[in-house]
Student: 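This is the structure I want to talk about, given as structure tokens.
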Amino acid sequence: MAGPSTGGPGPAAAMTEAPLLAPYEGRGTRLWAGWLLPPVAARRLCRPSRPDRIDDPATRAVQRARAVAGFVVILGVALAYQVADAVEAVTEPWVQLVQNCVVLVLVVPVGLVLFVRAARPELRRGYLRRAKGPLCALLAVAGSLGFILVVSATQSGTRLSGSAFLLLLLLTWLIFFGLGALVNGVANVFRTADVHEVLPPLVSVALVWVNLVVDLVSGKYGDAPERVATFLLWGGPATVTCLALWELRRLRVRHGLTLRRALGR
């Protein structure tokens with residue numbers, strides 16, 4: 001894929017804009033019909049869409065391997081040291097996913113504001129135009145999950161009339177859409193790569209260290225031996241930080257992309 005036009009301090013007008021929706025990848029299905037499938041709609045709203053974005057297969061493979069290895073290690077250690085029962089250990093990744101989403105909803109807007117304000121004035125308008133992708137992903141997750149909570153709280157015990165049945169269908173679609181948006185949003189760091197490639201690793205580092213503070217305050221793994229708890233608490237942030245530094249180095253060495261060049265400094 002061609003390199004992006006964001007490395008140097010060129011004018012904002014030269015920046016490639018990111019479409020609001022990621023390209024439809026279905027085959028043999030009409031474009032509008034894809035929206036009837038919640039996973040398809042979630043992917044189109046929550047995956048990066050900028051056509052000249054650097055997409056490094058090696059980086060994605062390492063990130064996936066790290067996620068799988070982290071799940072296996074946490075599950076094994078939790079069961080071996082009886083930190084949690086089997087059900088709690090299996091559901092822990094989903095709890096962590098929701099926590100990551102909540103933290104990212106707070107971190108991503110702050111990170112975007114700081115990034116845009118730190119950029120040279122002639123670059124800010126281009127980055128702001130690109131920021132519609134991350135904002136779209138944030139609204140997709142927050143809106144769907146918020147609507148589900150509101151409807152569930154206000155419609156409990158309602159008889160299944162015609163309108164209630166339609167509402168139930170909509171609620172079912174939104175549940176699967178919300179789950180898809182949650183997974184895709186967190187996995188793609190809420191489309192921050194649409195703004196610039198250096199943002200996802202930087203935001204990921206902020207995410208894991210904020211999570212560490214939350215876990216320390218809440219006393220997570222307090223029942224585990226001290227060394228095991230230290231490993232579980234600090235292992236994730238340490239490995240994610242190392243992977244982020246490695247990804248930033250690959251962007252610099254292979255594609256000439258750095259934070260300084262992204263800001264036009």
Side-chain angles (χ1 to χ4, degrees), residues 18-51 53 55-57 59-68 70-71 74-75 87 90-109 111-112 130-153 155 165-195 199-201 203-204 207-208 211 240:
L20 186 61
L21 303 176
Y24 178 61
E25 300 174 352
R27 295 181 179 179
T29 306
R30 294 184 181 274
L31 182 62
W32 61 267
W35 287 99
L36 299 178
L37 303 175
V40 175
R43 283 198 300 269
R44 294 198 67 198
L45 282 169
C46 297
R47 283 188 174 182
S49 62
R50 182 160 56 87
R53 173 180 58 92
D55 187 16
D56 191 343
T59 300
R60 286 190 283 110
V62 171
Q63 289 171 342
R64 289 171 182 169
R66 184 262 163 200
V68 173
F71 170 73
I74 291 177
L75 178 62
V87 175
V90 171
T91 57
E92 173 62 25
W94 292 99
V95 176
Q96 187 65 51
L97 179 66
V98 174
Q99 179 176 320
N100 288 345
C101 180
V102 173
V103 174
L104 282 174
V105 167
L106 302 175
V107 170
V108 167
L112 290 176
R130 288 180 173 183
K132 63 186 179 183
L135 294 178
C136 177
L138 288 169
L139 289 175
V141 173
S144 59
L145 297 182
F147 184 82
I148 291 170
L149 292 176
V150 170
V151 171
S152 301
Q155 299 295 325
F165 179 74
L166 292 177
L167 184 61
L168 179 61
L169 289 178
L170 175 61
L171 190 61
T172 302
W173 188 94
L174 281 173
I175 289 174
F176 287 101
F177 171 80
L179 289 174
L182 184 67
V183 173
N184 282 280
V186 173
N188 294 287
V189 201
F190 285 105
R191 294 180 63 172
T192 47
D194 274 345
V195 180
L199 278 175
V203 173
S204 296
L207 165 67
V208 293
N211 274 336
V240 170

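Note that this is a predicted model, so its numbers are computed, not measured.
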Student: Let me confirm one number: the CG-CH2 distance from Leu168 to Trp173, rounded to the nearest 0.5 Å.
Tutor: 15.0 Å
Student: So that I can tick it off, tell me whether Asp55 and Arg60 are bridged by a salt bridge, with the cut-off set at under 4.0 angstrom between side-chain N and carboxylate O.
Tutor: yes
Student: Looking at Cys46 and Gly185, what are the two nearest heavy atoms and their distance?
Tutor: CB-N, 3.9 Å
Student: Please check: side-chain N/O of Asp194 versus main-chain N/O of Arg50, any donor-acceptor pairing under 3.5 Å?
Tutor: yes
Student: Thr59: which residues meet the side chain to side chain donor-acceptor pair (under 3.5 Å) condition with it, sequence neighbours left out?
Tutor: Asp56
Student: Kindly indicate whether the side chain of Phe190, heavy atoms from C-beta on, has any atom under 4.5 Å from the side chain of Val203.
Tutor: no
Student: Rounded to the nearest 0.5 Å, what's the gap from CZ on Arg53 to CZ on Arg47? Could you check?
Tutor: 9.5 Å
Student: State, with a plain yes or no, whether a side-chain heavy atom of Val95 is found less than 4.5 Å away from one of Gln99.
Tutor: no
Student: Please round to the nearest 0.5 Å and tell me the distance separating atom CG of Asn100 and atom CG of Asn211.
Tutor: 5.0 Å
Student: Using side-chain contact (heavy atoms from CB on, under 4.5 Å) as the criterion, list what pairs up with Val240, not counting sequence neighbours.
Tutor: Arg66, Ser204, Val208
Student: Minimum heavy-atom separation for Gly178 to Leu145, with atom names?
Tutor: CA-CD2, 4.2 Å
Student: Do the non-hydrogen side-chain atoms of Leu135 and Arg191 ever get within less than 4.5 Å of each other?
Tutor: no
Student: Supply the atom-to-atom distance Leu97 CG to Leu182 CG, rounded to the nearest 0.5 angstrom.
Tutor: 4.0 Å
Student: Distance from Phe147 atom CZ to Leu170 atom CG, nearest 0.5 Å?
Tutor: 5.0 Å
Student: Please name all residues satisfying side-chain contact (heavy atoms from CB on, under 4.5 Å) with Pro39, sequence neighbours left out, ordered by chain then number.
Tutor: Leu37, Arg43
Student: Please enumerate all residues that pass side chain to side chain donor-acceptor pair (under 3.5 Å) together with Arg64, with sequence neighbours excluded.
Tutor: none
Student: Could you check whether any side-chain heavy atom of Leu112 comes within less than 4.5 Å of a side-chain heavy atom of Leu199, counting everything from C-beta outward?
Tutor: yes
Student: Taking all atoms of both residues into account, what is the closest heavy-atom pair of Val195 and Ala131, and its distance?
Tutor: CG2-CA, 3.9 Å
Student: Hey, could you give me the CG/CZ distance between Asn184 and Phe177, rounded to the nearest 0.5 Å?
Tutor: 9.5 Å
Student: Could you pull out all residues at least two apart from Leu106 that satisfy side-chain contact (heavy atoms from CB on, under 4.5 Å)?
Tutor: none
Student: So, using side chain to side chain donor-acceptor pair (under 3.5 Å) as the criterion, who are the partners of Asn188 when residues are at least two apart?
Tutor: none
Student: Out of Leu207, Val141, Val183, Leu138, which one pairs with Cys101 under the side-chain contact (heavy atoms from CB on, under 4.5 Å) rule?
Tutor: Val141
